[in-house]
Amino acid sequence: MSHKFYVTTPIYYVNDAPHIGHAYTTILADVLSRFHRALGDDVFFLTGLDEHGQKVQQAAEKRGLSPKQHCDELAPRFLDLWKKLGISNDDFVRTTEARHIRVVQDILQKVYDNGDIYQHEYEGLYSVAEERFITEKEAESGQFREIKRLKEKNWFFRMGKYQERLIRHIEDHPGFIRPESRRNEMLGFLRQPLGDLCISRPKSRLAWGIEIPFDRDYVTYVWFDALINYISAPGYLADDAKFRRWWPATAHLIGKDILTTHSVYWTTMLFSLGLPLPECIFAHGWWLMGDSKMSKSLGNVVKPLDLIEQHGVDAVRYYLMAEMILGADASFTPENFIKRYNSDLANDFGNLLNRVSGLIAKNHGGVIPPAGEATAAEEEIAAAGRTLGAKVEALVRDFKVDQALNEIMNLIRAVNKYMEAQAPWKLAKTDLAAAGRVLYTATEALRLSAVLLSAVMPEKTAVVLDILGAKGSGLQWGELKAGTALPTFPPLFPRIEVEKQ
RNA sequence: CGCGGGGUGGAGCAGUCCGGUAGCUCGUCAGGCUCAUAACCUGAAGGCCGCAAGUUCAAAUCUUGCCCCCGCAACCA
């Protein structure tokens, strides 16, 4: 059965240097997209950049550039990284593009016309140094200087009026905010009265933003602008057929830090527009550097490009997907990376391929031997192989990529055990057909695993499937063709040697 | 009493809903194999499942109390 699958990453703030967190979310979206495409689903994968706001304006001023020039210079850092990471996004939206700006303005007008935007004098604590309003909590933190009370006329979005409806929606849709702990957090948050949202900034204070169509002295608040990318890109108010095809999104993948903006601001905006809500907002954890938070000031930011250069893109993709447990924080250390790479990819998967192909070259003329008559031992492996695809599919549809990878590795481990028990290198001396049967079974398990791993490691699995003459093969057990010549090849995942201390 | 999540062998997790030999990966130690990328396989050590009380023939799992860790408490992005 074919489904629609529309997945998004957040649009990343253009001023940030891309780090491992950006890479993680985007790879996750890519893996899900590739998987769903392989399942025959209709996929739209969107990522992009958030280019408005005060920090962009300030950074551009500092460099003596216009904000737009500044953004144009920075955007390639993300585009290049996505290219190197093998990201298969279908669209890339920048909030400074005309197609986006127009939709944001149309929406502002629409929401204004339906009475959900009103003008009001706002009074709050303002940090002159930071040039922005701050919360009571932030004021107490002592991080902000030159705090004073300031009154300012602004435009507000009637977010509060949708509070009950939002609570009901979350309660009626258990999978709407995931993981469940985050869902609870949001329900807890919504137990308190929900205020309205200030969605304007006077140009005198912040000029770099999208102008509010009914009051040209103001630009709109960045989140009101940024969130709209999820519908502006698939054609809202521009291309009805396209929009109807994709919206509502299947999943918004986000970091846990922007959960409120997505599950409260965005949803109420959609309510006001009369649009359906996305099926799922999925908040993943953060990558910690060892035990501490990743931060520029600590100088412990891991650059994804460095990792790719050292270990290859597939290893990086595999590591990030396997190591982050659904919804929880994960810890990155170089030792950890090497450990997982060596044990899963080099020792288990790569080495198994190597021993199997070596034996076929040595004893079977370099040609994949016939499957023969399965004994109980082969049946056991085949049975595991036959159920694996469905298991993995169910887990991936449920965002449990780490568990799906573990299931695949379980098959590889089982085959290593099977090889040991059957010892085809010994069997070859007395019963060549039996040895061939074992090697066919092991190779077939490798083929199947490669097919299932191809969403995570597109490059390396393409090499494997090419070697096995099984390009384009599927999830049926036994698709491997006996008689196919098996060329020799260098180790797929060379072990990373570490000096022992 | 603001709300929520969690505390399981050295590390990271599963098991808790539907009580009944505590499981997986990594690490450590010993052995085996020697087809292979010093890889692979087998076995062992190591846990009173945060603490205490209760229910029960039986509790990691149910009830109650306590301790500790973490997240959220919006309008910077």
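Here is the naming used below: chain letters follow the sequence lines, and residue numbers restart at 1 for every chain. Hydrogens, waters and symmetry mates play no part in the numbers below; they use all other heavy atoms, side chains included. No experiment lies behind these values; they were computed from the predicted model shown.
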Undergrad: Please state how far atom CD in E51(A) lies from atom P in C76(B), giving the value in whole angstrom units.
TA: 21 Å
Undergrad: Under 4.0 Å, heavy atoms only, any strand: does N336(A) hit a base, just the sugar-phosphate, or nothing?
TA: nothing
Undergrad: Using the side-chain heavy atoms of V222(A), tell me which of these nucleotides is nearest: A73(B), A77(B), U37(B).
TA: A77(B)
Undergrad: Mind calculating the distance between CD (Q54(A)) and P (C75(B)) to the nearest angstrom?
TA: 14 Å
Undergrad: Does V264(A) reach a base, just sugar-phosphate, or nothing at all? Heavy atoms under 4.0 Å.
TA: nothing
Undergrad: By the ring-ring contact (aromatic ring centres under 6.0 Å, His included) test, which pairs, at least two apart or in different chains, include something from residues 408-432 of chain A?
TA: none
Undergrad: Of the options C40(B), G5(B), C75(B), whose atoms approach the side-chain atoms of S181(A) most closely?
TA: G5(B)
Undergrad: With heavy-atom distances below 4.5 Å as the criterion, would you say the side chains of I199(A) and Y218(A) are in contact?
TA: no
Undergrad: For nucleotides 1-3 of chain B, list the nitrogen or oxygen atoms of the protein found under 3.5 Å from its nitrogen or oxygen atoms, one pair per line.
TA:
{"from": "C3(B)", "atom 1": "O3'", "to": "R191(A)", "atom 2": "NH1", "distance (Å)": "3.3"}
{"from": "C3(B)", "atom 1": "O2'", "to": "R191(A)", "atom 2": "NH1", "distance (Å)": "3.2"}

Undergrad: Could you run through nucleotides 23-34 of chain B and give me one letter per nucleotide, 5' to 3': B if any protein heavy atom sits under 4.0 Å from the base, S if only the sugar-phosphate is that close, - if neither?
TA: --SS-----BSS
Undergrad: Quote, to the nearest angstrom, the P distance that separates A44(B) from C24(B).
TA: 11 Å
Undergrad: Who are the salt bridge (Lys or Arg N to Asp or Glu O under 4.0 Å) partners of R205(A), not counting sequence neighbours?
TA: E152(A)
Undergrad: Are any of Y418(A)'s side-chain N or O atoms less than 4.0 Å away from OP1 or OP2 of C40(B)?
TA: no
Undergrad: With nearest nucleotides of RNA chain B determined for E323(A) and C198(A) from heavy-atom distances, which residue corresponds to the more 5′ nucleotide?
TA: E323(A)
Undergrad: Quick one: which of C75(B), U37(B), C35(B) gets closest to the side chain of R495(A)?
TA: U37(B)
Undergrad: Is the phosphate of C40(B), meaning OP1 or OP2, less than 4.0 Å from a side-chain N or O of N351(A)?
TA: no
Undergrad: Taking Watson-Crick (N1-N3 plus N6-O4 or O6-N4) and G-U wobble (N1-O2, O6-N3), each under 3.5 Å, can you produce the dot-bracket string of RNA chain B? Use [ ] for crossing pairs and | for inter-strand ones.
TA: .(((((((.[[[[.)....(..]]]].(((((.......))))).....[[[[[..)....]]]]])))))).....
Undergrad: Scan M159(A) against the nucleic acid and name what it touches under 4.0 Å (heavy atoms): base, sugar-phosphate only, or nothing.
TA: base
Undergrad: Nearest whole Å is fine: how far is C35(B) C1' from L427(A) CG?
TA: 12 Å
Undergrad: Name all residues meeting the salt bridge (Lys or Arg N to Asp or Glu O under 4.0 Å) criterion together with D348(A); count only those two or more places apart in sequence or in a different chain, and write none if there are none.
TA: R413(A)
Undergrad: Could you tell me whether W155(A) and Y112(A) have their ring centroids closer than 6.0 angstrom?
TA: yes
Undergrad: Taking the cut-offs as 6.0 angstrom to the six-membered ring centre and 45 degrees off its axis, would you call K460(A) and F493(A) a cation-pi pair?
TA: yes
Undergrad: Identify whether any heavy atom of G350(A) sits under 4.0 Å from a base atom; if not, whether one sits that close to sugar-phosphate; answer base, sugar-phosphate or nothing.
TA: base
Undergrad: Quick check: on RNA chain B, is the nucleotide nearest Y13(A) upstream (toward 5') of the one nearest L359(A), or the reverse? Name the residue that is more 5'.
TA: L359(A)
Undergrad: Tell me what N416(A) touches on the nucleic acid: a base, only sugar-phosphate, or nothing, going by heavy atoms under 4.0 Å.
TA: sugar-phosphate
